[in-house]
Amino acid sequence: MSDSGFPQNFLWGAATAAYQIEGSPLADGAGPSIWHRFAHTPGRIRNGDTGDIACDHYRRFREDIALLRELGLKAYRFSLSWSRIFPEGVGAANSKGLDFYERLVDELLAQGIEPMATLYHWDLPAALDDRGGWLNPDIARWFADYSSAVFRRLDGRVKLWVTLNEPWVVSDGGYLHGTLAPGHRSHFEAPRASHNLMRAHAASVAAYRAEGQHQIGLVVNLEPKYPATASAEDVAATARAEAHMNRQYLDAALLGKYPEELMEIYGEAWPAWKPAEVAALRVPIDFLGVNYYSRSVTRADASSWPLRASAVRQPHATHTELSWEVFPQGLQDALLWVKQRYGDLPLYVTENGAAFYDPPSAPAEGVQDPLRVAYLREHLRAIRGAIAKGCDVRGYFVWSLLDNLEWALGYAMRFGIVHVDFESQRRTPKASARFYSGVIATNGGSL
Ligand code: BGC
């Protein structure tokens, strides 16, 4: 541990995801993903935005890695697009897809930056969606096969692997509420999709134990839930919301069980899993990645389907462009909660950041983003506090390196510490990037 309160080799990084930044989604033999299809369905993404060009990172990755280096980042978390590597989802691998990620990884290593690779950040091959996607139980095998092909090519060079990014979002946005690809709205589908996600995670970890030699983990988004009042109804609603978002995936992956509240939420739609099927979801992982953006103060709400719980907006708090409350203490609470509930697991904060308004083109005097600077400073201090209380936090990845496609909200929401002018593709580090650089240079001492 250094004097700054952060471990000596703390990995200071930034995160991105394939569909949000790469562009050229069909280049070099790639197949379409569900996000490509969703974006090209009128009305699904704000302003009709698509990932066709995005940050053009597929062609500009060297420039982006040079930026990482210039800012002094030690690590970079990116995701691989399954449909670049298996255009049909299964079958023959498209080696040009793997070549792209190999070039990316080699360039990172050449610049002294540690890669963390996520196998699934939401862009399922459309061909697999045609076969039922996350509802088809065969997907565990499809995902394991894809994972193995990637491990075989890159495990010598990538030492930190992530199976899935945020299974809750995949299921909740994709299958329960339909706001994200593939856009279904069904409380029968959501728990089945979640279960298959966790089966796929377990199968990919098993494949890694056969092929890989380094570390593999899971990334979940945690949103601590606090009851709005002490009433029994609000407390029960909070437990439902918390079970749904936080414990559903971690209890499955780390304890081999599902929280009881899920049955209450889904009622007749809750599948009658056999205990052995659920126990099989628990496989040892080497680390857990926690994505944290905000908390929720929760109250009982009979009109909110299917959870019967909704969030109460906090009147005196700062909110981001997405209306998310800025609540740094929640990050510390989340990390301590993981330690207390699941034991001592190496942790990475694999995403944390904020969308605040920045102009579409960078002003000559630079992009001043004091709210984002304050957000990052306070969240990093919260992590320092969690470390002081005994959490084994090994790294931090700001979301995001670049302004990018914020899924169904398009390009209007800017999360980057580096501004992207989407007309010219010019990158301009914001004040928050300079701030973060200073933090890294002192290993957190400047906080
Ligand atoms: C996701 C990112 C997303 C960010 C901000 C996370 O849920 O992993 O892809 O852009 O949050 O919404």
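Just the heavy atoms: all of them, side chains too, but no hydrogens, waters or symmetry mates, feed the values below. Heads up: numbering here begins at 1 and tracks the sequence. These numbers were taken from a predicted model, which means no experiment stands behind them. Read the numbers this way: they start at 1 and go in the same order the structure lists the ligands and their atoms.
Both tests do not hold together for Arg103 against Phe61: distance to the six-membered ring centre under 6.0 Å, angle to the ring axis within 45°.
The single protein non-hydrogen atom nearest to atom 12 (O) of ligand 1 is Glu406 OE2, 2.5 Å, given as residue, atom name and distance. Scanning the protein for heavy atoms near atom 6 (C) of ligand 1, the closest one is Glu351 OE1, 3.1 Å. Among all non-hydrogen protein atoms, the one lying nearest atom 7 (O) of ligand 1 is Glu166 OE1, 2.5 Å. When only non-hydrogen protein atoms are considered, atom 4 (C) of ligand 1 lies nearest to Tyr293 OH, 3.4 Å.
Ligand 1 has no atom lying under 4.0 Å from any heavy atom of Met413. Not a single heavy atom of Asn221 sits under 4.0 Å from any atom of ligand 1.
The neighbour count for Gln425 CD, taken as heavy atoms of other residues, nucleotides or ligands under 6.0 Å away, is above 12. Counting non-hydrogen atoms of neighbouring residues, nucleotides and ligands closer than 6.0 angstrom, the CD1 atom of Ile53 reaches no more than 12 such neighbours.
Which of Tyr292, Trp324, Phe415, Trp407 comes nearest to atom 3 (C) of ligand 1 through a heavy atom is settled by distance: it is Trp407.
Taking the charged nitrogens against the carboxylate oxygens, Asp106 and Arg157 do have a contact shorter than 4.0 Å, which makes a salt bridge. Salt-bridge annotation for Arg44 and Asp49: absent, with no side-chain N of the basic residue lying under 4.0 Å from a carboxylate O of the acidic one. Remark: Glu406 does not engage Arg414 in a salt bridge, criterion side-chain N to carboxylate O under 4.0 Å.
Neither the backbone nor the side chain of Leu322 comes within 4.0 Å of ligand 1, counting heavy atoms alone. Of all the heavy atoms of Tyr19, none lies under 4.0 Å from any atom of ligand 1, so neither backbone nor side chain is involved.
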